Amino acid sequence: MSENSTSQAGKISISAKRNGNPTPFGIHGKLHVDGMYLTDEHGEKTRLKGVSTHNLSSYPEYINLKTMTYLADEWDISIFRLAMYAGRADEKDGYADGSDGHRQDLEEMILTAVRDAASLGIYVMLDWHVLLECDPNIHTDAAISFFKKMCPLLKAYDNVIYEICNEPNGEAVTWPLICNYANKVIPVIRAIVPESVIIVGTPCWSQEVDKPAADPLPYGNLMYTLHFYADTHRDSLRNLALGALEKGLPIYVTECGFCNAAGDGDINKEETAAWMELMAKYNISWIGWNLSNKDEASAFIKPDCDKLYDWTDDELREHGLLMKEYLIK
Ligand code: IDC
């Protein structure tokens, strides 16, 4: 048996060693959730840090093996998040409202990215990116058909984490409504990939982790989403998070930015440092937004730079530079 192969039948081998070093998957293997912690196959608490794509439909050029390899080697990412918008955004159709052809392109992009990640021994987060439509229930049928189609193709890959609703938002979108959606979608995924780690978004753009802390969903291997944008979300959100952590809620920061919540404005180093300290203390995994050269502060790459990898420090925005610094720490 080669060092890369897994012994289980029907599983795709995920690279365990590369360039003579163990890969993130080689170190951690298949993950599960134990109490409040993402936990590896040796029973150790695990932190997966990485980057998120922008909208897959808007910036597909960054979803390729060379970019992922560069980020794994030079930015030390152990997870790559695929942000697939469910509804329309940025003048691009989402998965739910796009044509069949568009859906097929997105599905192929995801499959290729998962294969690439497996060859590098890193993890992938498959993000059903609910945003402008506010309520995940609007696209439940599309989400179910997406997961019914993708899970059979992905179940052989033990490096995939499923995120079922990025950011439910709006006053009307309460925790019980999110549970209503989750109770329909989680069983679909689990029927096909029974041991999958699934992450559930929380109310108010995935900030109100106090809600699932008081009323968790009745499934194992679940984590709940917390998102912060450091210049907007400060002590009060950290205190809310601390309350949920004290109750033992498993939290994954599947998206964060060091600028404001609009993904723009100034980078706030002080507040970012406070978030980093909290996340390190509680062993919280995090993923930075966003891998693009869009003209906005949250993008990692300067707008006049078209390179898809090999960026010099000068070609990165302040956000990209700081992100890289925290990732390789
Ligand atoms: C933003 C993008 C921006 C895009 C907008 C709508 O940075 O270019 O036009 O979405 O598609 C989130 C969301 C994430 C946002 C990001 C910044 O999950 O999709 O991206 N943000 O606003 N939550 C808080 C901030």
Side-chain angles (χ1 to χ4, degrees), residues 50-63 79-98 102 106 125-136 138-139 143 161-171 173 178 181 199-209 223-234 236-238 240-241 251-268 271-272 275 285-303 316-320 322-323:
V51 298
S52 176
T53 68
H54 196 286
N55 185 352
L56 287 188
S57 303
S58 305
Y59 291 92
E61 62 271 32
Y62 293 96
I63 326 301
I79 187 160
F80 191 80
R81 179 183 190 237
L82 299 167
M84 189 186 72
Y85 280 59
R88 191 176 162 79
D90 313 312
E91 284 83 52
K92 300 281 180 185
D93 286 335
Y95 184 90
D97 49 16
H102 183 55
L106 290 166
M125 187 170 292
L126 180 51
D127 161 35
W128 179 261
H129 201 86
V130 169
L131 183 66
L132 304 179
E133 66 273 39
C134 306
D135 183 352
I138 288 176
H139 294 311
I161 294 179
Y162 297 84
E163 184 181 14
I164 62 170
C165 50
N166 167 54
E167 288 187 355
N169 63 86
E171 256 172 53
V173 184
I178 298 168
Y181 166 82
I199 308 189
V200 185
T202 56
C204 193
W205 292 277
S206 285
Q207 291 173 60
E208 292 182 355
V209 282
M223 301 189 88
Y224 298 88
T225 314
L226 172 68
H227 287 175
F228 72 82
Y229 281 77
D231 197 40
T232 304
H233 307 123
R234 303 181 179 202
S236 61
L237 187 57
R238 283 193 292 273
L240 193 85
I251 285 177
Y252 201 130
V253 174
T254 65
E255 196 186 287
C256 63
F258 310 153
C259 52
N260 70 29
D264 222 342
D266 294 332
I267 302 300
N268 190 323
E271 293 295 325
T272 299
W275 277 108
S285 298
W286 61 268
I287 296 177
W289 179 266
N290 74 73
L291 176 61
S292 82
N293 67 347
K294 186 166 177 172
D295 193 5
E296 61 180 6
S298 58
F300 301 152
I301 304 149
K302 285 185 179 165
L316 295 174
R317 299 185 76 109
E318 191 183 358
H319 203 225
L322 194 58
M323 201 56 77

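Since we're looking at a predicted model, the values are computed, not measured. Just so you know, ligand 1 is whichever comes first in the structure, and atom 1 is the first atom listed for that ligand.
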Checklist line | Contact partition for Trp205 relative to ligand 1, non-hydrogen atoms under 4.0 Å | finding: neither

Next item on the list: For residues Ile63 and Leu82, determine if any side-chain heavy atom of one lies less than 4.5 Å from a side-chain heavy atom of the other.
Entry: yes

Next item on the list: Examine the proximity of ligand 1 to Ala261 and report which part, side chain or backbone, both or neither, has a heavy atom under 4.0 Å away.
Entry: backbone

Notebook entry, point to check: Donor-acceptor pair, Glu255 side chain versus Val253 backbone, under 3.5 Å?
Noted result: no

Next item on the list: Measure from the side-chain N and O atoms of His319 to the backbone N and O of Phe258, and report whether any donor-acceptor pair falls under 3.5 Å.
Entry: yes

Checklist line | Exceeds 12 heavy-atom contacts within 6.0 angstrom, atom CG of Asp266 | finding: no

Check: Tell me: protein heavy atom nearest atom 3 (C) of ligand 1, and distance?
Finding: Glu296 OE1, 3.3 Å

Margin query: Can you tell me which portion of His227 lies within the under-4.0 Å heavy-atom range of ligand 1? Options are side chain, backbone, both, or neither.
Written below: neither

Note to self: As a check for students: among Tyr85, Tyr229, Phe228, identify the option with a heavy atom nearest to atom 1 (C) of ligand 1.
What the structure shows: Tyr85

Check: To which protein heavy atom is atom 23 (N) of ligand 1 closest, and what is the distance rounded to 0.1 Å?
Finding: Glu167 OE2, 2.5 Å

Next item on the list: Flag Leu131 as yes when one of its N or O atoms lies below 3.5 Å from any N or O atom of ligand 1, and as no otherwise.
Entry: no

Notebook entry, point to check: Which one holds for Asn166 and ligand 1: side chain close, backbone close, both close, or neither close, with close meaning a heavy atom under 4.0 Å?
Noted result: side chain

Note to self: Under 4.0 Å from a heavy atom of Gly263: which atoms of ligand 1 are those, numbered in the order shown and with their elements?
What the structure shows: 17 (C), 22 (O)

Next item on the list: Would you please classify the geometry between the His54 ring and the Tyr59 ring as parallel, tilted or perpendicular, with 30° and 60° separating the classes?
Entry: perpendicular

Notebook entry, point to check: For atom 9 (O) of ligand 1, what is the nearest protein heavy atom, given as residue, atom name and distance?
Noted result: Asp90 OD1, 2.5 Å

Item checked: Ligand-side contact atoms (ligand 1) for residue partner Lys294, heavy atom cut-off under 4.0 Å -> 3 (C), 4 (C), 8 (O), 9 (O)

Item checked: Closest candidate by heavy atom, reference atom 13 (C) of ligand 1, pool His54, His233, Glu255, Lys92 -> Glu255

Notebook entry, point to check: For Tyr162, what residues pass the ring-ring contact (aromatic ring centres under 6.0 Å, His included) criterion, not counting sequence neighbours?
Noted result: none

Notebook entry, point to check: Considering residues at least two apart in sequence or located in another chain, which fulfil the side-chain contact (heavy atoms from CB on, under 4.5 Å) criterion with Arg88?
Noted result: Glu91, Asp93, Asp97

Note to self: With a 4.0 Å cut-off on N to O distance, would you call Glu318 and Lys302 a salt bridge?
What the structure shows: no

